[in-house]
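Both counts, for ligands and for their atoms, begin at 1 and track the order of listing. The chain is numbered in sequence order, starting from 1. Just so you know, these numbers use all the heavy atoms, side chains as well, and skip hydrogens, waters and symmetry mates.
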Amino acid sequence: MPSSHPQSVAVNAALEVIGDVEPRIATAIAAELTDQRASLKLIASENYASPAVLLAMGNWLSDKYAEGTVGHRFYAGCRNVDTVEGIAAEHARALFGAEHAYVQPHSGIDANLVAFWAVLAQRVEAPALTGVGVRHVDKLGDEDWQALRHELGNQRMLGMSLDAGGHLTHGARSNISGKLFDLYSYGTDPATGLIDYDALRRTAHEVEPLIILGGYSAYPRKVDFRVLREIADEVGATLMVDMAHFAGLVASGQFSGDFDPVRHAHIVTTTTHKSLRGPRGGMVLCDAELAPYVDRGCPMVLGGPMPHVMAAKAVALAEARRPEFRDYGARVLANAAAIAEGLSRRGATLVTGGTDNHLVLIDVGGYGLTGRQAEQALLDAGIVTNRNSIPSDPNGPWYTSGIRIGTPALTTRGLTTDDMDRIAELIHTVLDATEPGTADDGTRSPARYRLDPALAEKVATQAGELLAGYPLYPDVVLG
Ligand SMILES: *Cc1c(COP(=O)(O)O)cnc(C)c1O
């Protein structure tokens, strides 16, 4: 059925132009929309960007090289990229109340690399702190670099451990952050599942790290950044917060005061595509002192920026400054609370007993399952989640014992707290009905499971009915 809505016209025209060159790609793009419309997406790190954000990426801004910063580029002809980057940074500063915003990082990991090097470079240039020398980092000679490498090898970072909910880039051994820094980690109290601030303070005093890194990917609670800053100041550390997961909750004013990282940290990194609902990318916010170091993200660790993505960031940040986005943040939290309540009431075990952010971590050991079994069984029933480690996970990082669920995507779609209770019912029904399977040699398998296909199909049908009430991209009708 043809639609004259501008979104439909734009999408169908784009698919036609793409299809003329490589029809399989046009088909895959259309199929992705169909798949996303049909899926009950509870992945805590995903969202649905607006058509305006998506369309801002498909154009010739992509063709420009623009290494450098606004007004100071290594390439000619960057007038319009300057405009785009300037507007994105302006929105970011205003939205988060930051002194400086650097919108070039291509992803969350890139934003963290930029931040790490900015903090290191700042220390290198402060001779009292390192002894390497006062010279501008761009002018360091070979000997300086050797000394610097030695210095960097000795740098300590204190980040949240992976199994307590920290991210790979917060010092995991398999990530460059774990090699760049001499890593120490903090975790959660085994009894409550909450961050143990006293233990963190003790470790910080023992270790005297260069960086204390706050933020998480799988911790279902708010973090008191005022206390983290206090600890950082006590030991002379730089407080860095990676708000990749919850930037949308900060932007919407839901995490304010002690829970607003921008207010307390020296430097804050984020993705732009998770709860912030923008294009896939990253961003760094910092105080004026760190700004000149952050602005050297390119050429330090980044190549040319992606001007088309910066344009989409500007559009998303403009959206996030609207009153509707405040309401969105409130609904994300209300929905997470509702799903946690619905699960608990039916007998699920939740890490920390509940949530006060956008995510819930189910300890599926309570159902006698591994995370991997639970994830697959839920998927069979049309419910898309991801398995995740829980603190002191008995099943290790591959099979895990947790299922992480989040509400940013379904909230964008319009689902309400009543719907969340129904989803909790569906999740509980599936997990309760799933039984661990056995390996070929008769031992317990961490991957295999048994779930009655008729029950899985029934739940999938119910999930589909729930979604049918909330069309995704309702103004886009594929021709
Ligand atoms: C998702 C995430 C990242 C990485 O973002 P990418 O864009 O995938 O590189 C970094 N830090 C945290 C805390 C995250 O949750």
- State plainly whether the residues Glu46 and Lys41 are in salt-bridge range, i.e. N to O under 4.0 Å. yes
- Task: Please say whether Gly108 places an N or O atom under 3.5 Å from an N or O atom belonging to ligand 1.
- Result: yes
- Proximal atoms of ligand 1 relative to His273 (non-hydrogen, under 4.0 Å): 7 (O)
- Message: Using a 4.0 Å cutoff against the non-hydrogen atoms of Tyr216, which atoms of ligand 1 qualify?
- Response: 13 (C)
- Item | Sub-4.0 Å atoms of ligand 1 with respect to non-hydrogen atoms of Thr271 | 5 (O), 7 (O)
- Task: Report the C-alpha distance between Tyr216 and Asn357 in whole Å, list the side-chain angles of each, state the deciding distance to 0.1 Å, and finish with yes or no for side chain to side chain contact (heavy atoms under 4.5 Å, CB included).
- Result: CA-CA 11 Å; Tyr216 53 79; Asn357 58 18; 3.1 Å; yes
- Of all the atoms in ligand 1, which lie at a distance below 4.0 Å from a heavy atom belonging to His245? 15 (O)
- Relative to the heavy atoms of Ser107, which atoms of ligand 1 are at a distance of less than 4.0 Å? 7 (O), 9 (O)
- Please check if any side-chain donor atom of His170 sits under 3.5 Å from a side-chain acceptor atom of Asp242, or the reverse. yes
- Salt bridge or not for Asp356 and Arg221, using N-O below 4.0 Å? yes
- For residues Tyr328 and Ser252, is any side-chain donor paired with an opposing acceptor at under 3.5 Å? no
- Item | Nearest option to atom 10 (C) of ligand 1, as decided by whichever heavy atom of Lys274, His167, Arg280, Met160 sits closest | His167
- Cation over ring, Lys222 on Phe246, under 6.0 Å and within 45°? no
- Query: Between Asp189 and Tyr197, do the side chains contain an N or O donor and an N or O acceptor separated by less than 3.5 Å?
  - Reply: no
- Task: Establish, from distance only, whether the side-chain atoms of Thr400 and Asp393 form a donor-acceptor pair under 3.5 Å.
- Result: no
- Message: Suppose I only count heavy atoms of Ala244 and a 4.0 Å limit; which atoms of ligand 1 are within that range?
- Response: 2 (C), 11 (N), 12 (C), 13 (C), 14 (C), 15 (O)
- Item | Contact check, Met243 vs ligand 1, heavy-atom distance below 4.0 Å | no
- Query: Any protein heavy atom lying closer than 4.0 Å to atom 6 (P) of ligand 1?
  - Reply: yes
- Message: Counting non-hydrogen protein atoms only, what is the nearest one to atom 9 (O) of ligand 1? Give residue, atom name and distance.
- Response: Ile109 N, 2.9 Å
- Note on the structure: Note: heavy atom closest to atom 15 (O) of ligand 1, options Gly214, Gly215, Gly165, Ser217, belongs to Ser217
- Closest to atom 12 (C) of ligand 1 by heavy-atom distance, out of Asn175, Asp242, Leu113, Leu213, is Asp242
- Is a salt bridge present between Arg73 and Asp82, judged by a nitrogen-to-oxygen distance below 4.0 Å? yes
